[in-house]
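Each remark here refers to the structure printed beneath this line.
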Amino acid sequence: MTGNVLGVSAYYHDSAAALVRSGQIVAAAQEERLSRKKHDPRFPKRAINYCLGEAFIDPSELDAVVFYDNPLLTLDRVLKNAVSVAPRGRDEFVAASRALLGPKARLMDDLEAILGEKPRLLVTHHHMAHAASCFYPSPFEEAAILTIDAVGEWATCALGFGRGTQFELIQEIRYPHSLGLLYSAFTYYCGFKVNSGEYKLMGLAPYGQPRYAGIIREKLIDVREDGSFQLDTTYFGYLDRQLMINEDFETLFGGPARKPETAITRREMDLAASVQLVTEEIILKLVAHVTKLTGTKKLAMAGGVALNCVANGRVLRESGLEGLFIQPAAGDAGGALGAALLASHQLFGAPRATAGKGDGLRGSYLGPRFESHEVEAFLDRQSAPHQRVEDGDERARVVAEALSNGKVVGHFSGRMEFGPRALGARSILGDPRRRDMQSMMNLKIKHRESFRPFAPAVLAEKAGEYFELDEASPYMLLVAPVKKQRRIPMERPVFEHDDMLPTVNQPRSDIPAVTHVDYSARVQTVTGEWHQEFRAILSAFYEKTGCPVLINTSFNVRGEPIVCTPQDAYRCFMRTEMDLLVLEDYLLWKGEQPAWSGNGDRMNEYELD
Ligand SMILES: [Fe+2]
């Protein structure tokens, strides 16, 4: 008996649920997509409800519920930290204790309220859940494991080794020494939101020069040859106050933090470049160490820092690995999946069907899907003019034609992605060849900062013609250089501009909208194995234009979670300057839609209250 196992991560940020049966992933979803509250940290009742429905099981058929970390160990850290900094840190201690003794203490009550009975509840360690989330779905029978995040209980980084259905964590780096917290400190200092703005900092880095890297290495973090590190905590605020940094940090870098939404200056660009460089150096050392320690050149990675796809690209190019697998839901949402996989394999003895074959994530399309009759019922209620095009190839041709004419297309098709990246199921697509597409899509569609780059999806077999990338990158977690012959020299080096827009609008290659200012791109290679409709659009665009690349950005606007339902998609379509919306096999043109009143027809079958 291998059991139905529900994994849960909650109460910190990015709550999620995942259901695993006999070692196979049945469903996984982040609560934010269903509740429409970005990074929703609450108990994931909607996601749990969805997972049970997807698996067609009653709560009584659950063999175990596994929570993704151990609140008692976290409490131990908070108490010991409070003693070490006393009498300072009172507010930090009170806030952390409240968080721990409040919601987390109610875990069993929350579970009972949704399941109707007390389940068999297990807890795992935070980094065990991260490790399980990347090792078990990886295609490797045997692999080194590296998890890096801000902190989970005591650990901030763990090194391990897995074989078959077993793995162990061999070494760890402990709080307060944390690469994730170092990166978040600079995220905060540069005026972005901690726990979500790290991506912006990474996107900003290529505009700058790493002129602060020396100070970071000299003053903030002492890195040893094996990649282990110690922070000088006297520059940080997270130990004894509820802040990332303190006045000494500000003095070290010559002034106060940038206020959010104010102009980004040369200083922020250079700070971003500096902390990015130091982060890459540390990750490369850790990878070298863990592969040496375990005697294998295959590596599985997870933890929030594993979402740093610029660093991942360097690992792939410079570490001499024979295989690299990164969990796409590398942050704490993926902990729910790891927790469920861990119990399924180690407690219930489920085999790993994927080891040695493809990966077990099925393209990460693990969330809700909507049938045509559900879409049609919504469109009729909304009185939204639409055409049904049932033939997938014909639909792809219409979409490709629109894209080649400069139209921006919302693509809603199949099961929603698990993890922060949209991979074609909930994506906005555009023509990457157009010079003005990056700033146009940022400002008119995504309502976000114009400097932020877009990512390309490319027909897998054509990737080598555009990017210096020999490996598959199905989860858009690797940044690779654009091929030299496709580049266009820029008139002035990027760091000579203080305003970023002149740089953004310079042509950089024959696919400028997905070529970052350092000639890099965050690539998704598409085989069609798990999403034929998305593949068909890329193929039709290639047939029409000779270009096998499209812009693929997540289907949402700034500050909003990626859309989940047809209603979410329609609302986002109507609130932006998108031209065409694909809802499964229905096509909706903006020009034919009635005026948007702003009222969403909210229907969410997973909504409980
Ligand atoms: Fe984590």
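Atoms within a ligand are numbered from 1 in the order they appear, just like the ligands themselves.
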Given a cut-off of 2.8 Å, the protein N, O or S atoms lying below it from the Fe ion (ligand 1) are H126 NE2, H130 NE2, D149 OD2, D332 OD1
- Message: Check this for me, if you would: do K38 and E560 make a salt bridge, where the nitrogen-to-carboxylate-oxygen distance has to be below 4.0 angstrom?
- Response: no
Between [Y] and [X], do the side chains contain a donor N or O and an acceptor N or O under 3.5 Å apart?
X    : Y    : result
S427 : N552 : yes
H127 : D69  : no
Y183 : Q276 : yes

Practice task
Could you tell me whether the side chain of Y238 reaches within less than 4.5 Å of the side chain of V194, counting heavy atoms only?
Solution key: no
Taken in chain and number order and not counting sequence neighbours, the residues that satisfy ring-ring contact (aromatic ring centres under 6.0 Å, His included) with F167 are Y136
